[in-house]
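Inspection log for the structure reproduced underneath, given as structure tokens.
Nothing here was measured: the structure is a model prediction, and the numbers come from that model.
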Amino acid sequence: MIEYAIVATVLVAAAAFAAWRVWHTLRVSQGKAEGHNCAKCPAALKME
Amino acid sequence: MHADRHTVALLGNPNTGKSSLFTALTGTRQKIANFPGVTVEAKLGTAKFENSEITIIDLPGTYSLAARSPDERVATEALLGRVPGTPKPDGVIIVLDASNLERNLYLATQVLEFGLPAVIALTMLDVAQSRGITIDVEVLGKQLNATVVPVNSPQGKGIDALKAALHRTLHHPGKALHVPFGDEFTKSVDELHAAVCDLSVKLGFKPARPEALRLLVDGAGPFFDECEQVGGGAFTDTLQKLRAKAAAGSSLALIEAQARYGLIGGWVAQARTSDDDGKRTKTDKVDAVLTNKVWGTLIFMVLMLLVFQSIYAWAGPLMDGIEEGVGALGGLLLALVPDDMPMLHSLLKDGVIGGVGGVLVFLPQILILFLFIAILEDLGYMSRAAFLMDRVMAPLGLNGRSFIPLLSSFACAIPGIMGTRVIEDRNTRLTTIFLAPFMSCSARLPVYTLFIAAFVPDHGVGPFNLQGLVLFAMYWVGVLFAIPTALVLKRGILKSKITPFLMELPSYKMPRPKAVARVLVERGGAFIKRAGTIIFAVAIIVWALAYFPRDGAVIEKHDAAIAASEDEFAAKVAAIAKDGGFAEDDEALAASVADIEELTATHEEAVAATEEEIVDEAELEAALEERAAAFTAALLELKRRHGAAFEPAQVIYTARIEGDEAVAALEKQRDGELLAGSFLGIAGHAIEPAVKPLGWDWRIGMAAIASFPAREVIIASLGTIFNLGGDEDEESESLRHVLVDAEDKEGNPLFTLATALSIMVFFALCAQCAATLAIMRRETNSWKWPIASFVYMTSLAYIAALVTYQVASALGA
């Protein structure tokens, strides 16, 4: 039983996180949320 | 108490020493002002002089007041005091780089047209002097109708004089600069100014004349949008008529540039003297080579090759370290799981350790790539690379401004796409956004390195290594496909004129260890965060889909076969022992078997190490012969030591190996059948016909599909699927070995070089990044572009992978 409970908890948490990511990505696409702070992202080469 | 309070805007081109002047004027008392609706920010600080307190607004560096984007509009809005929460300036400090006077004066002429009291801060005089340039400050001041103060902010020179000049100037009204544009042009500006002033009630402010000038010349931008919104079609018609009248068949931008540079030319001729040809600085001399069409390109290519070579040369030991660390941590975790919890054991071993652990191993490669990017960027080399590549962009119909976002996209497409905001032309911007995901981002690096390390031979090609060369080539795959895409778009639906582009090449400087370290920490942190969040979540979901449902009948059938095989082995051992005159559990016999086992294992390890160390064939053969002789001698020694127990122990040892292999084969068969019957297996078999022509089986196909939210997920998915399918064994610790050992249904190697190339080409071209598509939607304000990008790139990836596999297979790869 404990085994099933642990595995089920991990699965539900992973599925909930994945669902939140989908929702969040959709909000980012509509400009209602910030993805990650792109202005501060070091991947953006700072060249003027 | 301060009697006088003023506000002053600080404005200038980028890289003119504006920020250090701001710090010299205001000290550390600064705060960031956020401008609503734009990504740029300005700093506010306070300078004190006698009994005056002057608030200084440090505006973002700009080459011109032409505002084609909201970000560029900020400078004008701030000069006119229209930014909410930011005071209206009573004056302006214009920063001029003495070594680049003409270009800096271009912005100055635009600012001086506003008629604000102005002081000129002349910076970089030391650079100008080193080039043999002398500037007569008095003469320049007279021409500009403003006080010119030479400053050297790092040394604090001229700061007090600048404050004093500012204090004097602020008590006298400024006079607007008159640039001689010609009658028709000037009249059109006046008429347009009157027209926009008529809209002032609806606009909520009274537009200034320089704004009307910009509107006339630019014919677009945020101010145009505002006027069009309140003035409607009548306003647009008036604007178009006036633009046509002012242009008189020519280009308005050209008329403006000619008038301003004409004026500037006259000023500079009188105020500046220089040696005959000016002294060339070290930067100029280095740039002559690095930006040379032939040498510069050659150096760029060699530099990039070295970067990719280093990724292989340096990452190996670090990866081994992480692999061992992950393995040890995994071992500790698994030891905590009781034996009667096989499902939890599998979740940890196959899902978490095999999945996420497999991704973490690639951290060193990400760090090495960003180490080079950070060093080259801080050194000032990246701007030279952009300059070089700018030449390549023009034939594609792309603005030079497109190159910087595309270069950024080699690290990550998201900031690349956001960086396209600086591109004023809509069609060019859309084309650049569309091309950004073609550039090989850092998420593709683990995919390339995994398959290259596993399937591309580790041979030398001249001074280079074949693996590094293939990695270098993979980075070009996206570029090669982006070129025809750009041509089709720019000559078809996204046609537009090429606008001129100015780019500053900053002076070279020693990379700052702190700045480089910051990039490494942030990029490394971001990679680990992704592994711990999205990759972890998808790996767990993939595990669940590949683990469930568990068919009890399959497990029972195979477990029975395994038990039978084990019984058979036990009976065999008993018979061998009996034949040799020993009891089944005889201690001497068991000790002999253990010694033989240990000796064989040590010998096999030594042989593997020798094979890895020695490259020369003849040398290797001799070394292996030596090892074999040593092994035989050690066996004879064992025989002497164990006496009668040795012979039966040797037979038992051989039987045990056969027994273990039989059990492993049965377990593999069981795991394979369970995986095939899982949700993932059922879906995988359904899609297999679609991926078969690419050289993939259903397991690779499902791992690729699971990677659509984020590319790195394929590493975790492959780890989970192949571990669950029983393709890992005791010796195959890393995913690389698991893939090399993986077999298809017929027992042939599943992955060949052709399969690996096909997978890499697919990943180089496919739009597998949900975040990129989301940002594309946001920046284009339409789903049309992300959908088009997804369909186009995925189709292209499929076709290219298909062709790659078929051609490579035909060539015997």
Q: Measure distances from A:Leu11 to the heavy atoms of chain B and classify the residue's part below 4.5 Å as side chain, backbone, both or neither.
A: both
Q.
Between A:Glu3 and B:Met343 (side chain of the first, backbone of the second, donor and acceptor by atom type, cut-off under 3.5 Å), is there such a pair?
A. yes
Q) Which residue out of B:Met341, B:Glu779, B:Met776 racks up the most heavy-atom pairs below 4.5 Å with chain A? A) B:Met341
(Q) Less than 4.5 Å to any heavy atom of chain A: does that hold for the side chain of B:Asn781, its backbone, both, or neither? (A) neither
Q.
Is B:Leu347 close to chain A through its backbone or its side chain, or both, or neither, when contacts mean heavy atoms under 4.5 Å?
A. side chain
Q | Region of B:Phe548 in contact with chain A, defined by heavy-atom distances below 4.5 Å | A | side chain
Q. So which heavy atom on B:Ile541 is nearest to which on A:Ala14, and how close?
A. CD1-O, 4.1 Å
Q: Starting from the C-alpha separation in whole Å, work towards a yes-or-no answer on side-chain contact (heavy atoms from CB on, under 4.5 Å) for B:Trp543 and A:Val7.
A: CA-CA 11 Å; B:Trp543 172 83; A:Val7 173; 3.9 Å; yes
Q.
Please classify the contact of B:Thr533 with chain A as side chain, backbone, both or neither, using a heavy-atom distance under 4.5 Å.
A. both
**Q.** Contact origin within B:Pro338 toward chain A - heavy atom pairs under 4.5 Å
**A.** neither
**Q.** Residue A:Ile2 excluded, over 12 heavy atoms near CD1 under 6.0 Å
**A.** no
Q: May I have the step-by-step check of side-chain contact (heavy atoms from CB on, under 4.5 Å) for B:Arg777 and A:Gln30, ending in yes or no?
A: CA-CA 7 Å; B:Arg777 152 72 183 76; A:Gln30 286 155 355; 3.9 Å; yes
Q. Between B:Ile540, B:Leu773, B:Val538, which shows the greatest number of heavy-atom pairs under 4.5 Å with chain A?
A. B:Ile540
Q) How long is the gap from CG on B:Leu344 to OH on A:Tyr4, to the nearest 0.5 Å? A) 11.5 Å
